[in-house]
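Quick notes on the structure that follows.
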Amino acid sequence: MIDWRHLCRGLVLLALNGSTISKPSTGIQFPFFISSPPPLTPQAIATAENILAPHLSGDGAYVVYEVKPKYRVGDHPVSALWIAETGLARSARRLTSGDYDDHSAIFHPNGSTLFFLSDRHESGAAQQIYRLDPFGHSQDAFAITSISNKKPVQSFSMSPDGRYIAFVSADETPAVNEETLAGKHDSKVWNGQVDLGRLRILETANLQNGIRTLVSCDRHVDSVSWSPDSKSIIYRMKYNANLESNAFPTSEEIVSISSTVSPRTIINHSRNPQSPSIWVDEDIIYHLRSTTLDVLASSPSVWSLNISTKVPPHRVYLGDSEDAGGLVNVGVAGQVAVEVVTGVDTRIDILDRTGKLFTLYQTIDDGILAQEWDVKLLPDGTYVFVAFKSSAVAGEPVELWSGRVSGQMTVQLSQKLSHHNAKLQAFHLPKAQPVFWTSKDGVDLAGVIAYPANQPFKNLPTVVIPHGGPYHRDALDLQFSCQGWRTFLASHGYLVLSPNYRGSSGRGNEFARTSHGGVGRLDWLDTQGMLEEAIARGIADPNRLAIAGWSQGGFLTAWGVTRPNSTFKAGIVGAGPTDWGSMALQSDLPDFQADLGGNAPWSGTKPQYMTGSPIHFVKNVEAPLLIVHGEADVRVPVTQAIGFMRGIIRETEGSDRSRLVIFPREGHGFVERAHAEDLLEMVLEHIDQALN
Ligand SMILES: *[C@@H]1O[C@H](CO)[C@@H](O)[C@H](O)[C@H]1NC(C)=O
Ligand SMILES: *[C@@H]1O[C@H](CO)[C@@H](O)[C@H](O)[C@H]1NC(C)=O
Ligand SMILES: *[C@@H]1O[C@H](CO)[C@@H](O)[C@H](O)[C@H]1NC(C)=O
Ligand SMILES: *[C@@H]1O[C@H](CO)[C@@H](O)[C@H](O)[C@H]1NC(C)=O
């Protein structure tokens, strides 16, 4: 087996324990710039496109995917379907207008029909399943579930033989009478069992036979997959559709589509696994679940289960030093493709029931969008692979790429099929590279740095941007958004340091678990450690330092600026938790937040959640802070920001140098274009003022 780490890491800037500073060997120096391209503008980022959800046709010849504005202008999401020939560069073409939200398209196995979800009947209305023949005479789409339904189709899945579509939707409820509505008698039971998903099927070639409901009971149907013989369906039963119910027991059940035999429970899970089960063989299913069973937030690994036995599932792959990011059924021969999250890299490995067969794909100084790839194994032994690839190292924006390989070998993504983001190349795209160092307590760590290509690589004004999560990572894809500032700020002349601190993905379960119940300890040591390393090597100016981040990165920022005598000249806390006790009470993921913070107020024991809560140390804030938050955020409610600002006003001097800006209608991830632009402008202005 090839050790990729040695092949692709020739360009390490900060050697693990090295002490020399060298200019990055990838960086071509241009001493006589005549005209440097302008830095990335907020407008360029706010008007960029997201590309996602690629699905190959059964013969691997075509791929369908979605293109949607990164930030929208109207009231409702919109998305267009695109199609490309996998064997032909630049073959991507638009299939649908993008006036509605067309998404989640898949091919019928005969390759000539697409099924997808859309609100084409009325923008913003309940999405239904549509059908479109992309190569037919009429390219009109038509609905195959009722467009008068008020309840959306939540998800759908086609049987391998193409005869059936299974889908989940709630029952229609009788119209509420006008009088009741007018009187506003509209109280609700909290966390009630409303809109429970029902499992239904229809016949793709005989729509007139109507829709049959296979499973309808007092719980919610989730995560539907077909058996390889198209005769049965496996699904989960949860208490209700809320995310909160994933922390409670679920059961894995099987129903036959023909018989009247009632569904059979094959296993009870103490918590919902982290991916749907996929059924690749007669009696073997795979899914991703926590490497440490029964622990809520633990890195995912691959588990398998023999459904003919009562033997509990067992871990078959990953979790020790690498994590699983996703699973895809390759279509034949009992094989499954696994996304392997490893350091700053990603691999796609192919497994069968005997274990790992081979590595199909490996990133090298680039990155692919997580869980947004597809692979098909053709009868002649060819693997066709498609992914959205970009490179922060080479300054290449994300596009759809394809590759194919005969036999069990590593594939190259050799065909660039799309050109959605070419306009970004008119701007100054910064350099980036992975860096490695050793923490004070002796752990090998990695991170990514980004920096302007048109300035000397030393003593740069520096912004530390710890990622969110904490179970997430910085990799070598070229990323930018209104909440991810690495590329944006580096384009504007800053050195950006992105540490994969303890708690991050890509290093196995023990590494991931470290920050749980220990926020503000080793995660902070590692964030600070990367900064110290960059100062020691002369690339970061110790007198011009700032820290900024979103979500868990917002927490680490709030933590950093509340350390006594911190040297940061500015901080940007984006949707950051500041009080773990109230996070457990208010977030839509209460059990996760309690696990992260240490415990929850309801535990009745000593409040460990205070130990890692920045609000407790707010009196130490000296740096001017920009605190930004979406008013409708349910993951990290806006009260986390308001409470922190209240503390700053009451407990610190110079509080007039900090401000809290709240964006109406926005949740944890922003969606409105004007907000995206405004936020990026504020971020740049705040950093420029403090560090220039
Ligand atoms: C492909 O399958 C769809 C759905 O069953 C069917 O309507 C269509 O006629 C099929 N096309 C071909 C060329 O077989
Ligand atoms: C799952 O739990 C239910 C309810 O407690 C129980 O009746 C059933 O026997 C269990 N099934 C399995 C396969 O463990
Ligand atoms: C699953 O269990 C059944 C019953 O014990 C057994 O016959 C079958 O070989 C097992 N399948 C695999 C892949 O081990
Ligand atoms: C912070 O600075 C003050 C004043 O110089 C000093 O008295 C104090 O010990 C410092 N605190 C820490 C934790 O270094």
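Counting starts at 1 for both ligands and their atoms, in listed order. We number each residue from 1, following the sequence as shown.
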Exercise: identify the closest heavy-atom pair between Val411 and Gly403:
CG2-C, 3.5 Å

Can you tell me the protein heavy atom closest to atom 4 (C) of ligand 3 and the distance?
Thr309 CG2, 3.7 Å

Specify the protein heavy atom at minimum distance from atom 5 (O) of ligand 1: its residue, its atom name, and the distance to 0.1 Å.
Thr204 OG1, 3.3 Å

Closest protein heavy atom to atom 8 (C) of ligand 1, given as residue, atom name and distance to 0.1 Å:
Asn110 ND2, 3.7 Å

Sub-3.5 Å N/O-N/O distance, Asn306 and ligand 3
yes

Tell me which part of Asp281 gets within contact of ligand 3: side chain, backbone, both or neither, using heavy atoms under 4.0 Å.
neither

Among all protein heavy atoms, pick the one closest to atom 10 (C) of ligand 2 and tell me residue, atom and distance.
Asn268 ND2, 2.5 Å

Tyr65-His420 aromatic ring centre distance below 6.0 Å
yes

shortest atom 9 (O) of ligand 3-to-protein heavy-atom contact is with Asp283 OD2, 4.4 Å

Would you say the side chains of His220 and Gln193 form a donor-acceptor pair under 3.5 Å?
no

Decide whether Thr359 and Lys356 meet the rule of one side-chain donor and one side-chain acceptor closer than 3.5 Å.
yes

Any protein heavy-atom neighbour for atom 14 (O) of ligand 2 (distance below 4.0 angstrom)?
yes

Polar proximity ligand 3 side, Arg353 side, N/O cut 3.5 Å exclusive
no

Please state which protein non-hydrogen atom is closest to atom 7 (O) of ligand 1 and give its distance, to 0.1 Å?
Arg131 NH1, 2.8 Å

If we ignore angles and hydrogens, is there a donor and acceptor under 3.5 Å between the side chains of Ser505 and Asp323?
no

Residue-level breakdown please: for Met158 versus ligand 1, do any non-hydrogen atoms fall below 4.0 Å on the side chain, on the backbone, on both, or on neither?
neither

Heavy-atom closest contact (Glu252 atom, Ser277 atom, distance):
OE2-OG, 2.7 Å

